[in-house]
Novice: 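Before we start, here is the structure in question, set down as structure tokens.
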Amino acid sequence: MSEVKKIPDDWVETTLGEICNPKGGKRLPKGMALVNYKTDHPYIRITDFNGNQINKNQLQFVTEVIFKHISRYIVNENDILISIVGTVGLVAKIDNELDNASLTENCVKLVDLKNIDSNYLYYFLISKNGQDEINKNSVGAVQKKLPIYGVQNIKIELPKNINEQKSIASILTAFDNKIELLQQENKTLETLAQTIFAAWFGKYQINSELPEGWRVSKINEFIGISLGGDYGNEVSEDDFTEETICLRGTDLPDMKMGTPEKAPIRFLKVSKLEKCKLENGDIVIEISGGTENQSTGRVMYINSESLNNAHLPMTCVNFCRIIRPLKIEYSYFLHSLFD
């Protein structure tokens, strides 16, 4: 007998269809194309999502001529977006800079909110419960799609008092701001480390006279094991029973601050998971694939904090390679070489 889920007395369970109106974007008219130069009309695509934000550095735009054909399909400040085709479940909130931007047909915007704070809705959708609901209401085996009726059927739990919703969202916003600050500090430290690394190693070329105590080596002298990953199965069946977080190249940048939110959950055989489960000190390198905006070769150093923050064992897809140093002391040295 399944366990009955309980929520506080002053909370309610409802659906997105009851509290908002999902509206789709619009594809470009046939024969028309985006432009790279800046106009008054940025066009938001799925490839512009970066985590739970829109990457404004890679936006493309529509001309005034094109905009006249799609002017009804814009987003406004505080609208919440969900990707609904291909990479389903990406979420972002529109800020002031993207007010009146045009929206791809592969996303929906959630508008006309009723008795729900937009920030609370945003944090629900990026949470595990929200992502589970998005996956549950998606359809398609080859290419996943979240239809409008699926968006409307997404269940959500929320306090009846909107001020309580705002209080919850404000706490989560404070955490996000702190994380962003830590990411900036981490980036500064990484830049400093790379500068020092380059200062030491960049000035020495082949056949240069090295400092006393230095020597020329091959990188495999520092590597114990090199392993391929495995994408496993989407569902548990037959021998594929072990649930794991499976890192892709696109997930590696998110690892800077812990467990990536968008990495898929997959199922592996016991023997395969035991072989390629990530360990403290491992380096994951993307060896093929890449995207239009990010080439192959993304790399991540796996530490104990990342592993401890994960709710499941972690491994990587077969488009990545696991480099396991002979000694833990070699890990960051090798990571600096690859990065």
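Only a predicted model underlies this, so the values are computations on that prediction, with no experimental measurement involved.
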Novice: Taking only residues two or more places apart in sequence or in another chain, which ones pass side-chain contact (heavy atoms from CB on, under 4.5 Å) with K277?
Specialist: L273, P313
Novice: For side-chain hydrogen bond (donor to acceptor under 3.5 Å, both in side chains), just list the numbers for Y123 and D176, CA-CA rounded to whole Å, side-chain angles, deciding distance to a tenth of an Å, and then say yes or no.
Specialist: CA-CA 10 Å; Y123 281 111; D176 265 359; 2.8 Å; yes
Novice: Can a donor-acceptor pair be found between the side chains of D10 and N161 at a distance below 3.5 Å?
Specialist: no
Novice: For P159, give me all partners under side-chain contact (heavy atoms from CB on, under 4.5 Å), at least two apart in sequence or on another chain.
Specialist: W11, Y120, E164, Q165, I168
Novice: Does a side-chain heavy-atom distance below 4.5 Å link I302 with V284?
Specialist: yes
Novice: Side chains of I44 and I94: does their closest heavy-atom pair fall under 4.5 Å?
Specialist: yes
Novice: Are N119 and K93 close enough, and set up right, to give a side-chain hydrogen bond (donor to acceptor under 3.5 Å, both in side chains), and what steps lead you there?
Specialist: CA-CA 8 Å; N119 286 325; K93 187 178 179 185; 2.3 Å; yes
Novice: Quick one: list whatever passes side-chain contact (heavy atoms from CB on, under 4.5 Å) with K136, sequence neighbours left out.
Specialist: E133
Novice: Does this structure show an ion pair linking K56 with D95, if we count only N-O contacts that are shorter than 4.0 Å?
Specialist: yes
Novice: Between R248 and F319, is NZ or CZ placed under 6.0 angstrom from the six-membered ring centre and within 45° of the ring axis?
Specialist: no
Novice: For the residue pair F124 and L158, establish whether any side-chain heavy-atom pair is separated by less than 4.5 Å.
Specialist: no
Novice: Are any non-hydrogen side-chain atoms of H335 and V299 less than 4.5 angstrom apart?
Specialist: yes
Novice: Determine whether Y231 and F240 fall in the same hydrophobic cluster, where Ile, Leu, Val, Met, Phe, Trp and Tyr are linked whenever their side-chain heavy atoms lie under 4.5 Å apart.
Specialist: no
Novice: Under 4.0 Å between a side-chain nitrogen and a carboxylate oxygen: does that hold for D282 and R324?
Specialist: yes
Novice: Between F61 and H41, is the ring pair (Phe, Tyr, Trp, His ring centres under 6.0 Å) condition met? List the steps.
Specialist: CA-CA 6 Å; F61 300 83; H41 310 293; 9.3 Å; no
